[in-house]
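To find a chain, count down the sequence lines: A is the first, B the second, and so on, and within it residues start at 1.
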Protein chains: 2
Amino acid sequence: MHHMKKDALVDIIRNAGFRATKPRRTLLTYLQKTRLPQTILEIADGLKDSIDQVTVYRIVEAFTKAGLVRQIDLRMGRPRYEIADARDHHHVVCVRCERIEDFIGCDSDHLADKALKQVKGFSHITGHSLEFFGLCNSCVKQGPTLQAA
Amino acid sequence: MHHMKKDALVDIIRNAGFRATKPRRTLLTYLQKTRLPQTILEIADGLKDSIDQVTVYRIVEAFTKAGLVRQIDLRMGRPRYEIADARDHHHVVCVRCERIEDFIGCDSDHLADKALKQVKGFSHITGHSLEFFGLCNSCVKQGPTLQAA
DNA sequence: CTCCTTAATGCAATCCAATTGCATTTATTT
DNA sequence: AAATAAATGCAATTGGATTGCATTAAGGAG
């Protein structure tokens, strides 16, 4: 009980209130390494099915509630998930090729204040989402879609 | 804003490139009257099944692509839809009771500029999403959830 | 370390939102 | 009114997400 320096990973999971099981460690490691926000199925796939899909669903849901993971909606059919880093970053998404880039500095406190002044039933904001959509440069170059009427 | 002359409605639909069919007129009128962003199934339900669900799916998708309808993601499982008014408004959502209020004035142009300066592969933003999450006053009053550990 | 409790996982079955195919209907043009 | 192409409705199907339950294993106690 004294010689084992606990993994940082294990600490993170335990501090969030969970047992540091192998699937949880594997999944968290995977998300830490992964740049892009992923769907549940992409995560399960990326883990080469070393973890059952049902378990991936359950872990991601639990981690999201606990604040370890962040849910992102990019108008791509289903929600995506990424590791919740301290840096509050957002995305710019190409609506044609789905290219994704990050940006930071949305000044959400200022925005939240503005919002709170307008709404009647709230006095406290705990989270926010902000995403931009557009065409990336290479898709712009390609010109309009081929399908004609 | 409530009652729109039928001709105006027909024009809107035709200008978007569609035939002004009864289901389309019904659905658009319904969304114009409805305050809250709704899921597909809520819309179908709200229309009392006067329109087949499949048709609701198809119309909403087409209208969204055409810019008549706006897709909103509020971390509530599935996307919601509302009429695309000129006023660029966003929402504050209670994560417990799902109460929704609107607010305006996000200064998206400024934010988009900031984002564009940081990303490499984009030079044009066409849309954005911005939502705030928190606990509404009445849910705050209720205190923490009953389930203890 | 071994035992013990119970959280967590895996698998099967199920659910239900979303999609697809196709025959029929309907808006619009001539 | 006829022509024709788009749009709808219904049935069937797909596939992501959920649930139940038996089994496994994490973590605390002794």
Side-chain angles (χ1 to χ4, degrees), chain A residues 1-7 9-28 30 38-66 68-69 71 73-81 147-149, chain B residues 6-7 9-28 30 37-66 68-69 71 73-81 147-149:
Chain A
M1 78 206 242
H2 62 288
H3 70 299
M4 217 187 327
K5 186 186 112 188
K6 275 170 192 164
D7 217 22
L9 198 65
V10 170
D11 280 350
I12 291 172
I13 295 171
R14 289 204 181 141
N15 288 340
F18 305 110
R19 289 186 182 179
T21 63
K22 193 154 170 244
R24 288 192 182 128
R25 283 180 276 122
T26 307
L27 193 149
L28 197 58
Y30 173 78
Q38 315 229 347
T39 65
I40 296 278
L41 264 22
E42 284 168 353
I43 295 170
D45 220 55
L47 293 168
K48 307 232 169 66
D49 300 305
S50 62
I51 306 176
D52 190 274
Q53 274 195 14
V54 176
T55 302
V56 175
Y57 274 102
R58 291 193 269 227
I59 294 178
V60 170
E61 189 194 0
F63 279 9
T64 302
K65 269 190 202 153
L68 258 40
V69 164
Q71 177 182 333
D73 286 299
L74 300 179
R75 298 182 188 166
M76 287 162 70
R78 54 206 79 263
R80 304 181 100 80
Y81 301 88
Q147 65 193 53
Chain B
K6 189 179 167 186
D7 290 344
L9 200 65
V10 169
D11 280 350
I12 291 173
I13 295 170
R14 289 205 179 134
N15 289 340
F18 304 108
R19 290 187 182 177
T21 63
K22 188 147 173 257
R24 286 191 182 129
R25 283 180 276 122
T26 307
L27 193 150
L28 197 60
Y30 174 78
Q38 315 229 349
T39 65
I40 296 277
L41 264 22
E42 285 168 353
I43 295 170
D45 219 56
L47 293 168
K48 308 236 168 66
D49 300 305
S50 62
I51 307 177
D52 191 273
Q53 275 195 14
V54 176
T55 302
V56 175
Y57 273 101
R58 291 193 270 228
I59 294 179
V60 170
E61 188 195 0
F63 279 9
T64 302
K65 270 190 200 152
L68 258 42
V69 164
Q71 179 183 333
D73 285 299
L74 300 179
R75 299 182 187 165
M76 285 162 71
R78 53 204 83 261
R80 305 182 97 81
Y81 301 89
Q147 66 195 47

Undergrad: Restricting to pairs with a member in residues 40-51 of chain B, which pass salt bridge (charged side-chain N to carboxylate O under 4.0 Å, His left out), not counting sequence neighbours?
TA: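 Matches after skipping sequence neighbours: B/Glu42-B/Arg80.
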Undergrad: Between A/Met76 (CE) and D/dG16 (C1'), how many Å, whole number?
TA: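 Answer to the nearest Å: 16 Å.
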Undergrad: How close do B/Thr64 and B/Val60 get, heavy atom to heavy atom, and via which atoms?
TA: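 Minimum heavy-atom separation between B/Thr64 and B/Val60: OG1-O, 2.6 Å.
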Undergrad: Can you tell me the distance, in whole Å, between the CZ atom of B/Phe63 and the P atom of D/dA6?
TA: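 So the two atoms are 17 Å apart, to the nearest Å.
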Undergrad: Provide the closest heavy-atom pair for B/Pro23 versus B/Thr55 in the form atom of the first, atom of the second, distance.
TA: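 That closest heavy-atom pairing would be CB-CG2, 4.2 Å.
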Undergrad: Given atom CG of A/Leu27 and atom C1' of C/dA8, what is their separation to the nearest angstrom?
TA: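 In whole Å, C/dA8 C1' and A/Leu27 CG are 14 Å from each other.
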Undergrad: Could you tell me, to 10°, how much the axis swings from one end of the helix from C/dC1-D/dG30 to C/dT30-D/dA1 to the other, five pairs per end?
TA: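 Between the axes fitted at each end of the helix from C/dC1-D/dG30 to C/dT30-D/dA1 lies an angle of 40°.
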Undergrad: Looking only at heavy atoms, which two atoms of A/Phe63 and A/Ile13 are closest? And how far apart?
TA: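 Heavy atoms only, the tightest pair is CZ-CG1, 4.3 Å.
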Undergrad: Where is the tightest heavy-atom contact between B/Thr26 and B/Ser50, given as atom of each residue plus distance?
TA: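 So the two residues come closest at CG2-OG, 4.4 Å.
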Undergrad: Going by heavy atoms closer than 4.0 Å, what residues in residues 17-25 of chain A are next to DNA chain D?
TA: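 Residues of residues 17-25 of chain A that come under 4.0 Å of DNA chain D are, in numerical order, A/Arg19, A/Ala20, A/Thr21.
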Undergrad: Provide, to the nearest angstrom, the distance between the CG atom belonging to A/Asp52 and the C1' atom belonging to D/dA17.
TA: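 Atom-to-atom, A/Asp52 to D/dA17, this comes out as 13 Å.
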Undergrad: Give the rounded distance in Å between these two atoms: CD1 of B/Ile13 and P of D/dA6.
TA: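 B/Ile13 atom CD1 is separated from D/dA6 atom P by 18 Å.
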Undergrad: Does anything in residues 53-61 of chain A come within less than 4.0 Å of DNA chain C? Heavy atoms only, and list the residues if so.
TA: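 Hits under 4.0 Å, by residue number: A/Val54, A/Thr55, A/Arg58, A/Ile59.
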Undergrad: With distance as the sole test, does B/Arg24 use its side chain to make a donor-acceptor pair with the main-chain N or O of B/Ile59 at under 3.5 Å?
TA: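 Here the side-chain-to-backbone pair does not exist.
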Undergrad: Taking ring-ring contact (aromatic ring centres under 6.0 Å, His included) as the definition, give me every residue that meets it alongside B/Tyr81, ordered by chain and number, with sequence neighbours left out.
TA: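 B/Tyr81: no ring-ring contact (aromatic ring centres under 6.0 Å, His included) contacts found.
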Undergrad: Calculate the interatomic distance between B/Ile51 atom CD1 and C/dT26 atom P; express it in whole Å.
TA: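 Rounded to the whole Å, the gap is 14 Å.
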Undergrad: Write down the distance between CZ (A/Arg14) and C1' (D/dG28), rounded to a whole number of angstrom.
TA: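 In whole Å, D/dG28 C1' and A/Arg14 CZ are 11 Å from each other.
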Undergrad: Looking only at heavy atoms, what is the nearest atom pair of B/Phe18 and B/Ala66, with distance?
TA: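 That would be CE1-CB, 3.7 Å.
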Undergrad: Who passes salt bridge (Lys or Arg N to Asp or Glu O under 4.0 Å) against A/Lys65, sequence neighbours left out?
TA: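 By the salt bridge (Lys or Arg N to Asp or Glu O under 4.0 Å) rule, A/Lys65 matches A/Glu61.
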Undergrad: Within this structure, what is the CG-to-P distance between B/Asp49 and C/dA17, rounded to whole angstrom?
TA: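 For the pair B/Asp49 CG and C/dA17 P, the rounded distance is 13 Å.
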Undergrad: Tell me if a side-chain donor or acceptor on A/Arg14 pairs with a main-chain N or O of A/Ala20 at a distance below 3.5 Å.
TA: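 Answer holds: no.
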Undergrad: What are the two closest heavy atoms between A/Gln53 and A/Ala44, and how far apart are they?
TA: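 Taking A/Gln53 first and A/Ala44 second, the nearest heavy atoms are CG-CB, 3.8 Å.
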